[in-house]
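Just the heavy atoms: all of them, side chains too, but no hydrogens, waters or symmetry mates, feed the values below. Counting starts at 1 for both ligands and their atoms, following the listed order.
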Amino acid sequence: MLFYSLNKQSASVNFREAAITGQAPDKGLYFPERIPKLSDDFFQTLKNKSKAEIAFEVISPYVGDTIPEKDLRVICEETVNFDFPLKKINEYIYSLELFHGPTLAFKDVGARFMSRCLGYFSKGSDKKITVLVATSGDTGSAVANGFLDVEGIDVVILYPSGKVSKIQELQLTTLGKNITALEVQGSFDDCQAMVKQAFADETLNQNLSLTSANSINVARWLPQQFYYFYALQQWPHALPPVISVPSGNFGNICAGLVAYVSGARINHFVAACNANDVFSNYIETEVFTPKTAVSTLSNAMDVGNPSNFVRLLELFGHDHKKIKKVISNCSVDDASTAETILEVYKTDKYLLEPHGAVAYYGLQQYLKKYPNKKGIILETAHPVKFDDVVKKIINEDVAIPASMEYLFKLEKKSIKIKPEFNQLKDYLLGTAVIK
Ligand SMILES: *Cc1c(COP(=O)(O)O)cnc(C)c1O
């Protein structure tokens with residue numbers, strides 16, 4: 001399988017090349033030349049398959065011969081070696097809990113898969129790979145955790161100072177070793193812009209082998225399909241579910257849409273956004289206009305220019321009508337997000353965090369129009385990752401899971417920089433000279 005650049009100015013490459021470089025030389029995102037259809041047999045036997053088997057069957061057409069079957073099976077097993085339970089919240093809405101991984105967020109899946117692929121590809125190469133990643137919190141922690149101690153790879157994380165939660169900051173600043181956290185005195189969009197500029201910078205690319213671990217990278221984006229199949233495995237109803245995905249950069253929902261195009265029986269998608277609603281704008285006007293991000297309670301979705309939007313267009317051949325048929329939009333403000341958390345906690349005894357609450361509200365609105373359908377929200381993080389927000393809403397502490405207690409004993413280490421590209425460049429070139 002080859003991947004082409006969505007800017008169409010660079011040559012197509014295989015999975016190895018796409019995973020190592022992250023983005024094409026023409027700055028386009030890589031996209032698979034075709035979306036393989038899964039067989040009827042795959043779906044008939046889905047309920048009895050192991051998580052690792054599903055992961056392997058779903059991803060192997062994309063990986064092709066760049067990783068031998070035996071190694072790819074091990075990578076798949078390690079990637080999904082935690083639970084993905086589908087919990088019933090009430091008669092109409094279920095929650096697919098994607099927060100049982102090591103950093104308590106769904107990004108563990110993509111980060112674990114990608115880190116292991118890059119680890120495999122860098123074996124036998126004397127060129128160090130530098131993974132550069134901008135984060136609003138969860139990406140950084142998942143990537144840091146996934147890549148810790150992976151030989152031949154350095155990770156540099158940019159995060160907006162004061163705009164991530166305590167537990168997120170600890171997760172991305174306390175690991176040390178091959179992980180460095182740059183604390184940027186700016187917004188997440190500043191961090192993302194700096195990372196994009198770094199990939200386009202000639203001097204940096206001559207001196208370093210830079211790659212992205214944002215959902216731009218196919219090795220992080222594509223494995224996010226896995227858990228849509230785990231949801232279907234556990235779905236107890238005959239009519240396929242509506243799936244509501246809390247969306248920021250649109251990597252998660254685009255992975256779900258790939259699964260859908262491959263044949264996954266999903267009735268409909270809700271792209272649930274917070275006040276950063278460029279997608280709603282596109283659905284309503286057919287015009288896509290990036291905006292500056294505004295801060296909300298669901299800060300991992302504070303994205304004004306979603307990177308994966310171009311992939312969504314490509315998946316549907318830029319056909320606005322088709323897109324509208326498969327995906328509904330919604331934009332949820334902070335007041336409704338907070339009300340949803342309180343309401344669901346009181347009525348259904350289920351504690352949502354802000355991103356899951358946006359998905360819940362979006363699904364609820366959709367189901368009001370289609371009362372015969374039932375659906376699933378993707379609960380993308382554990383409430384404790386956003387405990388500062390959740391605590392104020394429910395007026396109760398959120399218990400820290402035992403698996404996270406060790407973090408509070410560790411020391412934060414970060415390098416403070418201004419939101420200026422030159423400061424990032426100097427830092428990166430400094431590391432290049434030392435090596
Ligand atoms: C990253 C993130 C999202 C948004 O996912 P995208 O793939 O960027 O759309 C939603 N919820 C949480 C908790 C996240 O960390």
Side-chain angles (χ1 to χ4, degrees), residues 29 95-111 114 133-146 157 159-160 163-165 167-169 171-172 188-189 191-192 212-218 220-228 243-259 269-274 276-279 293 296-312 327 329-332 337 341 352-362 377-387 389-390:
L29 268 62
S95 168
L96 183 69
E97 294 184 348
L98 299 176
F99 55 73
H100 296 275
T103 74
L104 311 182
F106 81 99
K107 293 191 173 85
D108 280 325
V109 175
M114 179 184 170
V133 63
T135 185
S136 54
D138 285 344
T139 301
S141 34
V143 168
N145 189 287
I157 298 163
Y159 75 97
K163 297 200 171 79
V164 303
S165 75
I167 204 164
Q168 285 174 331
E169 186 167 44
Q171 284 175 332
L172 57 91
F188 168 66
D189 278 0
C191 297
Q192 186 147 280
S212 144
N214 287 81
S215 51
I216 289 172
N217 195 304
V218 294
R220 218 195 101 189
W221 172 51
L222 290 170
Q224 298 182 138
Q225 292 175 77
F226 299 164
Y227 43 75
Y228 287 86
I243 301 191
S244 178
V245 187
S247 295
N249 255 324
F250 278 66
N252 195 2
I253 193 166
C254 275
L257 291 164
V258 171
F269 287 85
V270 176
C273 294
N274 55 31
N276 297 284
D277 61 347
V278 289
F279 183 69
T296 74
L297 293 179
S298 46
N299 71 357
M301 313 195 312
D302 293 349
V303 181
N305 186 9
S307 325
N308 286 287
F309 184 72
V310 283
R311 283 186 169 138
L312 189 152
I327 316 164
N329 61 294
C330 81
S331 168
V332 184
T337 306
I341 291 176
L352 296 163
E353 53 70 56
H355 306 79
V358 167
Y360 187 99
Y361 186 88
I377 59 156
L378 299 193
E379 184 41 292
T380 43
H382 190 289
V384 79
K385 291 201 87 172
F386 302 94
D387 63 343
V389 177
V390 174

Colleague: Are any of the side-chain heavy atoms of Asn305 and Asp189 separated by less than 4.5 Å?
Modeller: no
Colleague: Is there a polar contact, in the sense of an N or O pair closer than 3.5 Å, between Phe250 and ligand 1?
Modeller: yes
Colleague: Go through ligand 1 atom by atom and flag the ones less than 4.0 Å from a non-hydrogen atom of Pro246.
Modeller: 4 (C), 10 (C)
Colleague: Check each atom of ligand 1 against the heavy atoms of Gly251 and keep those under 4.0 Å away; list them by number with element.
Modeller: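 It comes down to these atoms of ligand 1: 6 (P), 7 (O), 9 (O).
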Colleague: Is a side-chain donor-acceptor pair under 3.5 Å present for Ser298 with Asn274?
Modeller: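 A donor-acceptor contact under 3.5 Å links the two side chains.
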Colleague: In terms of atom number and element, which parts of ligand 1 are under 4.0 angstrom from non-hydrogen atoms of Lys107?
Modeller: 1 (C), 2 (C), 3 (C), 14 (C), 15 (O)
Colleague: Within the distance-only criterion (no hydrogens, no angle test), does the side chain of Glu97 pair as donor or acceptor with the backbone N or O of Phe99 below 3.5 angstrom?
Modeller: no
Colleague: Within a distance under 4.0 Å of any heavy atom of Ala300, pick out the atoms of ligand 1 and give their elements.
Modeller: 2 (C), 12 (C), 14 (C), 15 (O)
Colleague: Report the part of Lys385 (side chain from C-beta onward, or backbone N, CA, C, O) that has a heavy atom under 4.0 Å from ligand 1; answer both or neither where that applies.
Modeller: neither
Colleague: Scan side-chain atoms only and decide if Ser212 and Asn217 contain a donor-acceptor pair under the 3.5 Å cut-off.
Modeller: no
Colleague: Considering non-hydrogen atoms only, spot the tightest contact between Ser136 and Val164 and give its length.
Modeller: O-CG1, 3.5 Å
Colleague: Identify the closest protein heavy atom to atom 11 (N) of ligand 1: which residue and atom is it, and at what distance?
Modeller: Thr380 OG1, 2.8 Å
Colleague: Salt bridge (charged side-chain N to carboxylate O under 4.0 Å, His left out) with Lys385: which residues, sequence neighbours excluded?
Modeller: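 Here the qualifying residues are Asp138.
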Colleague: For atom 8 (O) of ligand 1, what's the nearest protein heavy-atom neighbour? Residue, atom name and distance, please.
Modeller: Asn249 N, 2.8 Å
Colleague: Students often mix this up, so state it plainly: with edges at 30° and 60°, are the rings of Phe106 and Tyr227 parallel, tilted or perpendicular?
Modeller: perpendicular
Colleague: Starting from atom 5 (O) of ligand 1, find the nearest protein heavy-atom neighbour and note its residue, name and distance.
Modeller: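 Result: Phe106 CZ, 3.5 Å.
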Colleague: Heavy atoms only: which of Asn252, Leu104, Asp138 is nearest to atom 7 (O) of ligand 1?
Modeller: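 That would be Asn252.
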Colleague: Quick check: are there more than 12 heavy atoms from other residues, nucleotides or ligands sitting under 6.0 Å from CZ of Phe386?
Modeller: yes
Colleague: Go through ligand 1 atom by atom and flag the ones less than 4.0 Å from a non-hydrogen atom of Ala381.
Modeller: 13 (C)
Colleague: Does Gly248, backbone or side chain, put an N or O under 3.5 Å from an N or O of ligand 1?
Modeller: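 Yes; the residue has a nitrogen or oxygen that sits under 3.5 Å from a nitrogen or oxygen of the ligand.
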Colleague: Might you point out which heavy atoms bring Arg311 and Ile216 nearest each other, and give the distance in Å?
Modeller: NH2-O, 2.7 Å
Colleague: Work out whether the distance between some heavy atom of Ser247 and some atom of ligand 1 is less than 4.0 Å.
Modeller: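 In this structure, Ser247 qualifies as a contact of ligand 1 - some heavy atom is under 4.0 Å.
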